*Asks:* 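Take a look at the following structure, please.
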Amino acid sequence: METETPDLESIKRQLMSIRRPKKPKMLVVDDEPDNLDLLYRTFRRDFSVFKAESGIRALEILSQEGEVAVIISDQRMPEMKGTEFLSKTVPQFPNTVRIILTGFTDIEDLVDAINSGQVYKYITKPWDPNELKTVVQRAAETYELLKLRTEQLCRANSQIQLLSDIMGMALKATEIEETLQAIAKAIGEQIEADGVILQVVSSDSLATTAGAYGIVDDVKGWLADDQIVSEAIATKVAQGEINIPNNSALAESDRYKSANIQAHLCTPIIDRDQVVAVFSLQWQKPCQLSPDDLYTVRLVAQEMALVLSRLHQST
C-alpha cells in the first residue's frame with residue numbers, strides 16, 4: 001500500500017512570514033553601577049538586556065523572565081560570588097552560556113567552575129570591549145546550537161511516543177469511531193491544539209464517522225461546508241489559516257467566532273491517491289504551531305492512512 005505525504009509548505013510559509021526573529025536575552029550582573037551601565041550600553045542593540053546588581057537579584061530576574069541566552073557576571077560581589085551565582089543557574093537553565101568577569105587574582109577560583117561546565121569563558125578586567133563582543137557573539141551562537149539540539153531531541157522523542165501511541169490504539173481497536181476519539185485526544189495533548197477532529201471522508205465528502213478532542217461541540221457537523229476543509233479535500237493538499245482574525249473571509253464565520261478559533265489547519269489523509277479522512281487542528285490563539293511541528297503533522301497523517309486502512313479491513 002502506498003501513502004502520499006501531504007504538502008505543508010504553504011502553511012510553513014505562512015508561519016515563517018509572521019515569525020520575526022527576536023533579540024536574544026542577556027543578563028548582566030555587577031555590583032558596580034558604572035560597570036553595569038557599560039555592559040548594558042555595549043549589548044543593548046543586539047540583545048534584550050536585563051541588569052542585576054547582585055546574584056540574589058539576578059536569580060529573581062531569571063525566575064520572572066525565564067531562560068536567557070547569555071549571562072555575564074562579575075566574580076567579586078559582596079553577597080554572592082559570581083561562580084556561586086552561576087552554579088545556581090545550571091540546573092534550571094542548562095543551555096544558558098555563562099561568562100564571568102574577573103581580576104587576575106581570582107583565576108584560581110574559576111578553575112573548578114570552568115571544569116564543571118558552569119562557566120563558558122572568563123574575561124579579565126579591565127576588559128576590551130571588542131574582545132568581549134566577540135566572546136558574547138560566540139556564546140550566543142553556542143546557546144542557539146544547544147537550544148536547537150535540545151529541541152530536536154525533545155521533538156524526536158515526542159514524535160516517537162505519539163506515533164507509538166497511535167499505532168498501539170489502532171492495534172487494540174474494535175470500532176473506528178472509538179479509535180478516532182482516542183487518537184484525536186492523544187494528538188491534541190501532544191501537539192497542544194485546543195481542538196482536534198479526525199473525520200472520515202467518503203467519495204470526497206465528509207462522512208459521519210469522526211472522533212474529536214477539546215473545544216469542538218458538534219463533532220460530526222463542525223467541519224461541514226468549511227472553506228479550509230473543502231479545499232483540503234479537493235486539492236489533496238493541507239490547507240490552513242494561522243491568523244483567522246486577519247482573514248476577512250473567515251473572521252465572520254459563526255463557527256470560528258463562537259468557539260474563538262483563531263488558527264485552523266486541515267490536513268487530508270490520503271491512501272492510494274484517495275482522501276480517506278481529514279485531520280483538523282484548531283487553536284484559540286494565532287500561530288500556535290511552529291514550522292518544525294509541521295513535520296509531526298505530516299507523520300501523523302501518514303500513519304493515520306495506515307491505521308484507517310487496517311480498521312476498514314477488520315470491519
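FYI, side chains are in, hydrogens and waters are out, and symmetry mates aren't considered; it's all heavy atoms of this structure. Predicted, not measured: the structure shown is a model, and the values here were computed from it.
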*Asks:* In chain order, what residues pass the salt bridge (Lys or Arg N to Asp or Glu O under 4.0 Å) check against E67, with sequence neighbours excluded?
*Replies:*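 So E67 forms no salt bridge (Lys or Arg N to Asp or Glu O under 4.0 Å) with any residue.
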
*Asks:* Step by step, would you call Q161 with D165 a side chain to side chain donor-acceptor pair (under 3.5 Å)?
*Replies:* CA-CA 6 Å; Q161 185 61 55; D165 290 345; 2.8 Å; yes

*Asks:* So which atom in L198 and which in A184 form the shortest heavy-atom distance, rounded to 0.1 Å?
*Replies:* CD1-N, 3.8 Å

*Asks:* Can you give the donor-acceptor pairs under 3.5 Å from side chains of residues 36-52 to other protein atoms, not counting sequence neighbours?
*Replies:*
unit_1 : atom_1 : unit_2 : atom_2 : d
D37    : OD1    : K51    : NZ     : 3.1
T42    : OG1    : L38    : O      : 2.7

*Asks:* Hey, quick one: are V68 and I56 part of the same hydrophobic cluster, counting side-chain heavy atoms closer than 4.5 Å, chains of contacts allowed?
*Replies:* yes

*Asks:* So, K285 and D194, do they make that salt bridge, N to O below 4.0 Å?
*Replies:* no

*Asks:* Rounded to the nearest 0.5 Å, what separates atom CG in N35 from atom CD1 in I72?
*Replies:*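 Interatomic distance, N35 CG to I72 CD1, rounded to 0.5 Å: 11.5 Å.
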
*Asks:* Are T89 and L59 side-chain neighbours, meaning at least one heavy-atom pair lies under 4.5 Å?
*Replies:*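 Touching, per the 4.5 Å side-chain cut-off.
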
*Asks:* Taking the side chain from R76 and the backbone from D74, do they hold a donor-acceptor pair closer than 3.5 Å?
*Replies:* no

*Asks:* Measuring only between side-chain heavy atoms, which start at C-beta, is R98 closer than 4.5 Å to F93?
*Replies:* yes

*Asks:* Would you check if Y143 and L148 make a side-chain contact, meaning some heavy-atom pair closer than 4.5 Å?
*Replies:* no

*Asks:* Of all residues at least two apart in sequence or in a different chain, which pass the side chain to side chain donor-acceptor pair (under 3.5 Å) check with E252?
*Replies:*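 E252: side chain to side chain donor-acceptor pair (under 3.5 Å) contacts with K257.
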
*Asks:* State which residues pass side chain to side chain donor-acceptor pair (under 3.5 Å) with T208; sequence neighbours excluded, sorted by chain then number.
*Replies:*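 Counting only residues at least two positions away or on another chain, T208 forms no side chain to side chain donor-acceptor pair (under 3.5 Å).
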
*Asks:* What pairs of residues pass the ring pair (Phe, Tyr, Trp, His ring centres under 6.0 Å) test when at least one of them lies in residues 237-256, not counting sequence neighbours?
*Replies:* W222-Y256, Y256-H264

*Asks:* Under 3.5 Å, which donor-acceptor pairs link side chains of residues 130-141 to any protein atom two or more places apart or in another chain?
*Replies:*
unit_1 : atom_1 : unit_2 : atom_2 : d
T134   : OG1    : N130   : O      : 3.0
Q137   : NE2    : E141   : OE2    : 3.3

*Asks:* Partners of E60 by salt bridge (Lys or Arg N to Asp or Glu O under 4.0 Å), sequence neighbours excluded?
*Replies:*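 Expected list: R57.
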
*Asks:* Going by the rule salt bridge (Lys or Arg N to Asp or Glu O under 4.0 Å), which residues pair with D30 if we only count those two or more places apart in sequence or in a different chain?
*Replies:*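 Not a single residue meets the salt bridge (Lys or Arg N to Asp or Glu O under 4.0 Å) criterion with D30.
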
*Asks:* Do V237 and T267 come within less than 4.5 Å of each other through their side chains, counting heavy atoms only?
*Replies:* no

*Asks:* Report yes or no: do I215 and V229 belong to one cluster of Ile/Leu/Val/Met/Phe/Trp/Tyr joined by side chain heavy-atom distances under 4.5 Å?
*Replies:*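 As far as the 4.5 Å side-chain criterion goes, V229 and I215 are connected within one cluster.
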
*Asks:* Holding to side chain to side chain donor-acceptor pair (under 3.5 Å), I want the full list of residues that pass it with T150, two or more places apart in sequence or in another chain.
*Replies:*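 In terms of side chain to side chain donor-acceptor pair (under 3.5 Å), with neighbours along the sequence ignored, T150 is linked to N95.
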
*Asks:* Hey, could you give me the CD/CD1 distance between Q282 and I244, rounded to the nearest 0.5 Å?
*Replies:*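 Those atoms lie 8.5 Å apart.
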
*Asks:* Is it the case that the side chain of W283 and the backbone of I242 share a donor-acceptor pair, with hydrogens and angles ignored and the cut-off at 3.5 Å?
*Replies:*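 No; judged by distance alone, with no hydrogens or angles, the pair does not exist.
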
*Asks:* Does L180 reach the side chain of V307, with side-chain heavy atoms less than 4.5 Å apart?
*Replies:* no

*Asks:* With a 4.5 Å heavy-atom cut-off, do V278 and I269 have their side chains touching?
*Replies:* no

*Asks:* Taking L162's backbone N and O only, do any of them form a donor-acceptor pair with Q190's side chain (distance below 3.5 Å, no angle check)?
*Replies:*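 Answer holds: no.
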
*Asks:* Can you tell me how far CD1 of I233 sits from OG of S205, rounded to the nearest 0.5 angstrom?
*Replies:*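 If we round to the nearest 0.5 Å, S205:OG and I233:CD1 are 7.0 Å apart.
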
*Asks:* Would you compute the distance between atom OG of S73 and atom CG of L86 and round it to the nearest 0.5 angstrom?
*Replies:* 5.0 Å

*Asks:* Does atom CG of N157 have more than 12 heavy-atom neighbours, drawn from other residues, nucleotides or ligands, at distances under 6.0 Å?
*Replies:*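 Yes.
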
*Asks:* Any side-chain heavy-atom pair from Y213 and I183 closer than 4.5 angstrom?
*Replies:*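 No. Closest side-chain heavy atoms not under 4.5 Å.
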
*Asks:* Looking at A232 and Q239, what are the two nearest heavy atoms and their distance?
*Replies:* N-CG, 3.5 Å

*Asks:* M77 and I61: same hydrophobic cluster, using ILVMFWY side-chain contacts below 4.5 Å?
*Replies:* yes

*Asks:* Before you tell me yes or no, could you show the steps for K236 and D273 under salt bridge (charged side-chain N to carboxylate O under 4.0 Å, His left out), namely the whole-Å CA-CA distance, both residues' side-chain angles and the distance that decides it to 0.1 Å?
*Replies:* CA-CA 9 Å; K236 300 180 183 178; D273 202 38; 3.4 Å; yes

*Asks:* Any side-chain to backbone donor/acceptor pair from Q75 onto T83? Under 3.5 Å, distance only.
*Replies:* yes

*Asks:* What's the spacing between S280 OG and D226 CG if we round to 0.5 Å?
*Replies:* 7.0 Å

*Asks:* Could you check whether any side-chain N or O of R149 sits under 3.5 Å from a backbone N or O of E144, counting only pairs where one atom can act as donor and the other as acceptor?
*Replies:*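 The answer is no, because no donor-acceptor pair under 3.5 Å joins these two groups.
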
*Asks:* Under the side chain to side chain contact (heavy atoms under 4.5 Å, CB included) rule, what do I176 and T209 come out as? Steps first, then yes or no, please.
*Replies:* CA-CA 8 Å; I176 292 180; T209 306; 3.6 Å; yes

*Asks:* D31 and P78: which non-hydrogen atoms are nearest, and at how many Å?
*Replies:*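 That closest heavy-atom pairing would be OD2-CD, 3.5 Å.
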
*Asks:* For the NZ atom of K25 and the OG1 atom of T96, what is their distance to the nearest 0.5 Å?
*Replies:* 10.5 Å

*Asks:* Decide whether Q284 and N260 meet the rule of one side-chain donor and one side-chain acceptor closer than 3.5 Å.
*Replies:* no

*Asks:* For S230, which residues count as a side chain to side chain donor-acceptor pair (under 3.5 Å) partner, sequence neighbours excluded?
*Replies:*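 With neighbours one apart ignored, the set is empty.
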
*Asks:* Determine whether a donor-acceptor pair (N or O, by modelled atom type, separation under 3.5 Å) exists between the side chain of S164 and the backbone of I160.
*Replies:* no

*Asks:* For a 4.5 angstrom cut-off between non-hydrogen side-chain atoms, does Q199 reach L223?
*Replies:*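 SC-SC contact between Q199 and L223 confirmed.
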
*Asks:* What's the shortest heavy-atom distance between A277 and L308, and which atoms?
*Replies:*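 Shortest heavy-atom separation between A277 and L308 comes out as CB-CD1, 3.4 Å.
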
*Asks:* Just jot down the salt bridge (Lys or Arg N to Asp or Glu O under 4.0 Å) partners of E177, sequence neighbours excluded, or say none.
*Replies:*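 So E177 forms a salt bridge (Lys or Arg N to Asp or Glu O under 4.0 Å) with K220.
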
*Asks:* Just by modelled atom types, is the A305 backbone N or O under 3.5 Å from a matching donor or acceptor in the S309 side chain?
*Replies:*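 Pair absent, no side-chain N/O of S309 close to backbone of A305.
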
*Asks:* Would you check, one step at a time, whether the test side chain to side chain contact (heavy atoms under 4.5 Å, CB included) holds for Y122 with L101?
*Replies:* CA-CA 6 Å; Y122 69 86; L101 303 175; over 6 Å; no

*Asks:* Give the minimum heavy-atom separation between A251 and P245, together with the two atoms involved.
*Replies:* CB-O, 4.1 Å

*Asks:* For Q181, enumerate each residue passing the side chain to side chain contact (heavy atoms under 4.5 Å, CB included) test, keeping only those at least two apart in sequence or located in another chain.
*Replies:*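 Per chain and number, Q181 pairs via side chain to side chain contact (heavy atoms under 4.5 Å, CB included) with no residue.
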
